[in-house]
There are 2 protein chains.
Amino acid sequence: MNIVSRPGRLGTPCLACPLRLKPAFRDKTDDEIRFIQTMKVDHRFMRAGGDIIHPGQEDAELYTLYSGWAFRYKSLPDGRRQILNFLLPGDLVGLQASLLSAAEHGIEALTDVELCVFPRRRLWDLFERMPTLAYEVAWLGSREECMIDDNLTSVGQRSAGERLAALIISLYHRVDALGLVANDSFAFPLSQQQLADALGLSLVHTSKTWSRLRREGLFALSGGRLTLLNPRLTARMAAAYEQITAPRPLI
Amino acid sequence: MNIVSRPGRLGTPCLACPLRLKPAFRDKTDDEIRFIQTMKVDHRFMRAGGDIIHPGQEDAELYTLYSGWAFRYKSLPDGRRQILNFLLPGDLVGLQASLLSAAEHGIEALTDVELCVFPRRRLWDLFERMPTLAYEVAWLGSREECMIDDNLTSVGQRSAGERLAALIISLYHRVDALGLVANDSFAFPLSQQQLADALGLSLVHTSKTWSRLRREGLFALSGGRLTLLNPRLTARMAAAYEQITAPRPLI
DNA sequence: CGACCTCTTGATCAAGTTCAACTTGGGTGG
DNA sequence: CCACCCAAGTTGAACTTGATCAAGAGGTCG
């Protein structure tokens, strides 16, 4: 359940990071990669369910999600909790917590994850010495905000069925951009409780809606993989005309 | 309804900007202010209801809200619309739209508004030449994301009454940070339709809940000003223990 | 095997939506 | 100055979506 780090071993060197090959990532200069490499102080493993950043934490580091899924969430004092967004490989983890002095949210590992660790204090060095990377960090922050905008619109305006469809479509596109979709199907590790918390629905209602959509032939779930049987219909059902999530880390 | 700009007149020089005196703003060096001044290319006026940025716009500029209120929103194809967050004087307007290539949302003037205009293309100069300001821009972006996190949590988890109370408290704190609260009362320009769109509720239910809270003595509205009669109770009713909005644009 | 966790399904209930009619107040034009 | 109009807000009644309560199925792990 806790962070395991292996001092002395920093995992793959950044130059050879497999994520760089994915369609979603911008080419970087050798200088940039070298700088990233010197910023990276650790490579950690964490089990599903572990706290990457806990709510209120003041010294949270900045991470990059190397593998696995995570989510940001926010809890009310009485225990209700809202999942704000999901984090996939390559996403920046804890930027908000690094910039603001305390984390206003928590971040939890949804599956087993690997994280690259960058000390938050060096974020300032990056702004001072590597403006292209700083710009890209800001870009990633805006992209995350954009996804939250979408979720807020879903939760505020869409019906239960529409919300589910919209979430699935959006995850589908993000996973696809990482090259991890095969035959319209991809690994889908969310429990129904987590779906419910993300969509602002009760567990029971989520379950009923979920099986209704399956019955209607939108998608199927087996062996932890979700298959989109009718992407077109699903998108229409979500009452959404595509948001970005597409790669475009430009200047 | 449209933008009025007065070429040749850039409004107050940045050095003398009244916003700098507000408690919420970080001291800046003369260099920084000079840089901001050279970036500022215009000062515009716009009437309530005008589009500052329309959805999908690809060449949106970056603005600073000099006076008045605005809001960011997102619409679904069938007309439903979600207000994402409100913008108050001093807030950056259109950062997301400047960083990503197209605006995924719209921004509308809620009251008559004055805007300082900065060409989006120069945002990169700022990252290259003024890292402290770039860092502050990123900080402002994170702060905005944090507010949206809150709204999402509200809309996803809180009841109608709680949502209203939470929104009012949060606006109260933000307006207070600008020094614009007097006797627990402040200018409150939102229509009930706008409240409804922000909270993910129907107009009718918003009206009923709103008058219930007034009847219960939480606050009063007269002459376009809202008075918080019982801030303590309102905060408790919101089922929230304070989020940040507090100023702390530090490094 | 039993304890536990996740998911499923039915029954009942309540929060919020929708429809519709009516009030209020400000603004305009005759 | 009054008549009218329109936008914003209010209120009641019927209806629907989604919440809550409850019981049970299936799977996993010690």
Side-chain angles (χ1 to χ4, degrees), chain A residues 1 47-49 76 78-83 108 110-112 154-168 188-216 219-226 237-239, chain B residues 1 47-49 76 78-83 108 110-112 154-168 188-216 219-226 237-239:
Chain A
M1 191 59 90
R47 292 251 159 243
L76 296 182
D78 62 5
R80 285 175 283 181
R81 136 184 127 157
Q82 177 69 39
I83 290 183
E108 184 177 318
L110 177 62
T111 64
D112 293 352
S154 252
V155 174
Q157 304 298 326
R158 295 200 244 248
S159 71
E162 293 170 333
R163 289 182 216 183
L164 262 171
L167 177 61
I168 286 169
F188 192 84
L190 302 193
S191 73
Q192 300 208 358
Q193 182 63 64
Q194 287 158 347
L195 279 173
D197 287 347
L199 301 174
L201 297 170
S202 72
L203 173 59
V204 174
H205 195 57
T206 303
S207 174
K208 286 174 179 170
T209 308
W210 179 260
S211 39
R212 194 193 86 222
L213 295 190
R214 267 187 319 186
R215 232 179 299 123
E216 290 174 359
F219 50 78
L221 189 65
S222 83
R225 290 184 70 83
L226 184 145
M237 164 130 240
Chain B
M1 189 60 91
R47 292 252 158 244
L76 295 182
D78 61 4
R80 287 175 281 179
R81 138 183 123 159
Q82 177 68 38
I83 290 183
E108 184 176 318
L110 178 62
T111 64
D112 291 354
S154 250
V155 174
Q157 304 298 326
R158 295 199 244 248
S159 70
E162 292 170 334
R163 288 183 217 184
L164 262 172
L167 176 61
I168 286 169
F188 191 84
L190 302 193
S191 73
Q192 299 207 354
Q193 182 62 65
Q194 287 157 347
L195 279 172
D197 287 347
L199 301 174
L201 296 169
S202 71
L203 174 58
V204 173
H205 198 234
T206 302
S207 174
K208 286 174 179 167
T209 308
W210 178 261
S211 40
R212 195 193 84 222
L213 296 190
R214 267 186 320 185
R215 232 178 299 122
E216 290 173 359
F219 50 80
L221 189 65
S222 83
R225 290 184 71 84
L226 185 146
M237 164 131 240

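Scope of the values below: all heavy atoms of this structure, side chains included, with no hydrogens, waters or symmetry mates. Chain letters run A, B, ... following the sequence lines, proteins first and then strands; every chain starts at 1.
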(request) Let me know the distance between CG of B/Leu213 and P of D/dT10, rounded to the nearest Å. (result) 12 Å

(message) If you compare all heavy atoms of A/Pro189 against all heavy atoms of A/Leu110, which two are closest, and at what distance to 0.1 Å?
(response) CG-CD2, 4.1 Å

(message) Classify the ring geometry of A/Trp210 against A/Phe219: parallel below 30°, tilted from 30° to 60°, perpendicular beyond 60°.
(response) tilted

(request) Drop me the distance from B/Leu164's CG to B/Thr206's OG1, to the nearest 0.5 angstrom. (result) 6.5 Å

(request) With heavy atoms under 4.0 Å as the rule, sort A/Leu201 into base, sugar-phosphate or nothing. (result) sugar-phosphate

(message) Could you measure the distance from the CD atom of B/Glu108 to the CD1 atom of B/Ile83? Nearest 0.5 Å is fine.
(response) 8.0 Å

Below 3.5 Å is the cut-off: list the nitrogen or oxygen pairs between protein and nucleotides 24-30 of chain D, distance only.
none

(message) Whole angstroms only, please: what is the NE2-C1' distance between B/His205 and D/dT11?
(response) 13 Å

(request) Let me know the distance between NZ of A/Lys208 and P of D/dT17, rounded to the nearest Å. (result) 13 Å

(message) Quick check for you: to the nearest 0.5 Å, what is the distance between A/Glu162 atom CD and A/Thr209 atom OG1?
(response) 11.5 Å

(message) Minimum heavy-atom separation for A/Leu213 and A/Gly161, please, with both atom names.
(response) CD1-O, 3.8 Å

(message) Base, sugar-phosphate or nothing for B/Ser159? Non-hydrogen atoms, less than 4.0 Å.
(response) sugar-phosphate

(request) Please round to the nearest 0.5 Å and tell me the distance separating atom OG of B/Ser202 and atom NZ of B/Lys208. (result) 8.0 Å

(message) Mind checking if A/Arg214 touches a base, just sugar-phosphate, or nothing, with heavy atoms under 4.0 Å?
(response) sugar-phosphate

(request) Name the residue closer to the 5' end of DNA chain D, choosing between B/Ser191 and A/Arg163 according to the nucleotide with the nearest heavy atom. (result) B/Ser191

(message) What range of DNA chain C does chain A touch, first nucleotide to last, counting atoms under 4.0 Å from its heavy atoms?
(response) C/dC7 to C/dA11

(message) With side chain to side chain contact (heavy atoms under 4.5 Å, CB included) as the test, pick out the partner of B/Asp197 among B/Arg80, B/Arg81, B/Gln192.
(response) B/Arg81

(message) In whole Å, I'd like the distance from the CZ atom of B/Arg215 to the P atom of D/dT10.
(response) 10 Å

(message) Rounded to whole Å, how long is the line connecting atom CH2 of B/Trp210 with atom C1' of D/dT11?
(response) 18 Å

(request) Could you check how far CG of B/Leu221 sits from P of D/dG9, rounded to whole Å? (result) 9 Å

(request) To the nearest Å, give me how far apart CG (B/Leu195) and C1' (D/dA8) are. (result) 12 Å

(request) Taking the side chain as every heavy atom from C-beta outward, state whether A/Arg163 and A/Leu167 have any pair of such atoms under 4.5 Å apart. (result) no

(message) Mind checking if A/Gly161 touches a base, just sugar-phosphate, or nothing, with heavy atoms under 4.0 Å?
(response) nothing

